[in-house]
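As a basis for the values below, the full set of heavy atoms in this structure was taken, side chains included, without hydrogen atoms, waters or symmetry mates. A quick note: this is a predicted structure, and the numbers were derived from the prediction, not measured.
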Number of protein chains: 2
Amino acid sequence: MGIKERKAREKKQLRQQILSAARELFVNEGYENVSMRKIASKIEYSPTTIYLYFKDKADLLDSVCKETLLNLLNTLEQLKRDINDPVEALRKSGKAYVEFGLEYPQDYKLTFVIRPQFQKGLGLQEGSVGEKVFDYLRAMVSECIRQQIFRQVDVETTGQVMWSAVHGVTLLLIDFPDFPWTEKDKLIDTVINTTIEGLKA
Amino acid sequence: MGIKERKAREKKQLRQQILSAARELFVNEGYENVSMRKIASKIEYSPTTIYLYFKDKADLLDSVCKETLLNLLNTLEQLKRDINDPVEALRKSGKAYVEFGLEYPQDYKLTFVIRPQFQKGLGLQEGSVGEKVFDYLRAMVSECIRQQIFRQVDVETTGQVMWSAVHGVTLLLIDFPDFPWTEKDKLIDTVINTTIEGLKA
DNA sequence: GTGTTATACTTAACAGTGTTAAGTTAAATG
DNA sequence: CATTTAACTTAACACTGTTAAGTATAACAC
């Protein structure tokens, strides 16, 4: 019974191949500037083959995005294990969050800006990766409050403030790459540090 | 010599008509889903006529956004006249900024998220309205630093931190209307206050 | 008033897009 | 060996932004 399994393996491989090609093109040239034909030509298949593996172009981007969000979650959870001080963990997590957004701007914008626009009704879907990322942030903030490092404001608000800050700087850096920003890392650090300082007792 | 003036007036009128039609369609259906043909049909001209008034679709979007920014700038400058305390002015301006975004969410996204995506290379151009808005913010922050209320970090960075915060919370509130946010005004105030506190000495 | 020029707009077309229906080819099954 | 099934391709549709060429009308000079 090895034949069916080989076939399934090959299908999975091609799916992954499409996904990788799409990611590379999306990241380098931007979602709008990448056509299905371009992706197809990169993997040396006809354009219509893609539709045997993905519903449409949005679904393809969706899948690319889900992959990278899982990466973000991995990165963050790895980080958590190595750091004890909750403030330091929050700082590093914030930085990792922004850097992820800058590394995969298309994915970031799709998930946190574009998808909500077309998928109204739910903020972050139940059980979605996006929700898990916010859960992670909440846990961290919660620890800072518990240890009385942060002011005793409610956890939800505090988490949302933190999210606003990193979300804001991420999008500004993505959307206005030619604005005369302060040196990028300095800006990110200052945003995170300022917010943390402001949240302290 | 009234003929030339009448002609000029008519040209201006048609330009404005195109602009209004474009704004309405962009806001209601989203930039990508609006074609030049759709705009043209709305104003009952041929599609190519638009190109006599605007370089291309991006330029049209640009002009729509410029209008939006002028409105924002007006709102802000009205505010400035009434307040003396620079921190209070900054707080109120931040709030006004966010509220402007929430009142015209589609316009805000068009200007600060969608346009940069399609009109690359725009830092904030010399003399542009966007630059004036940031100048406004800079002046305010500068005063806070001069009066030694804020830490002596450079003005640019400080301004950018402030912008990140308000931009972030504005977009989150727009894009995830069904997320279990803290009460809206409380969240906005906390974001602004936290950032201001973090910037203080 | 007539001929010419400039202005404002339109028609037709190009090269590209996402997507689908129908067709092909080769492998697996009975 | 015949038939069915799966994987992939070809051709086409209805769109997109944009441009070059054409047209009709209004303004101007004489």
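The stretch residues 144-164 of chain B participates, sequence neighbours left out, in these salt bridge (Lys or Arg N to Asp or Glu O under 4.0 Å) pairs: A:Lys186-B:Asp154, B:Arg138-B:Glu156, B:Glu143-B:Arg146. Evaluation of the salt bridge (Lys or Arg N to Asp or Glu O under 4.0 Å) test over residues 46-60 of chain A, restricted to residues two or more places apart or in two chains, returns none. Judged as a salt bridge (Lys or Arg N to Asp or Glu O under 4.0 Å), the pairs with a partner in residues 192-201 of chain B (not counting sequence neighbours) are, in order, B:Glu197-B:Lys200. For residues 41-60 of chain B, no residue pair satisfies the ring pair (Phe, Tyr, Trp, His ring centres under 6.0 Å) rule, not counting sequence neighbours.
At whole-Å resolution of the value, NZ in A:Lys57 and C1' in C:dG18 are 8 Å apart. Atom CG of A:Asn33 and atom P of D:dT16 are 18 Å apart (whole Å). Distance CG (B:Asp59) to C1' (D:dG17): 14 Å, rounded to an integer number of Å. Regarding A:Arg37, its CZ atom lies at a distance of 10 Å from the C1' atom of D:dA12, rounded to whole Å. Between A:Leu60 atom CG and C:dT17 atom P there is a gap of 15 Å when expressed in whole angstrom units. One can place CD1 of B:Ile39 at 11 Å from P of D:dT16, the figure rounded to the nearest angstrom. C:dG18 atom C1' lies 14 Å from atom NZ of A:Lys38, rounded to whole Å. Here the P atom of nucleotide C:dG18 and the CZ atom of A:Phe26 are 9 Å apart, to the nearest Å.
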N/O donor-acceptor pairs under 3.5 Å from side chains in residues 19-26 of chain A, not counting sequence neighbours:
| residue | atom | partner | partner atom | Å |
| --- | --- | --- | --- | --- |
| A:Ser20 | OG | A:Gln16 | O | 3.0 |
| A:Arg23 | NH1 | A:Glu67 | OE1 | 2.8 |
| A:Arg23 | NH2 | A:Val64 | O | 3.0 |
| A:Arg23 | NH2 | A:Glu67 | OE1 | 3.4 |
| A:Glu24 | OE2 | A:Lys42 | NZ | 3.4 |

Pairs of donor and acceptor atoms involving the side chains of residues 73-84 of chain A, under 3.5 Å and at least two apart or interchain, shall be tabulated with distances.
| residue | atom | partner | partner atom | Å |
| --- | --- | --- | --- | --- |
| A:Thr75 | OG1 | A:Asn71 | O | 2.8 |

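Between A:Asp189 and A:Arg91 no salt bridge is recorded (no basic side-chain N to carboxylate O distance below 4.0 Å).
Legend: residues meeting side chain to side chain donor-acceptor pair (under 3.5 Å) with A:Lys11, ordered by chain and number and at least two apart, are absent.
Checked against a 6.0 Å centroid threshold, the rings of A:Phe176 and B:His167 do not count as neighbours.
For the contact set between residues 40-53 of chain A and DNA chain D, defined by any heavy atom under 4.0 Å, the members are A:Tyr45, A:Ser46, A:Thr48, A:Thr49, A:Leu52, A:Tyr53. Of the residues in residues 11-19 of chain B, those lying under 4.0 Å from DNA chain C by heavy-atom distance are B:Lys11, B:Leu14.
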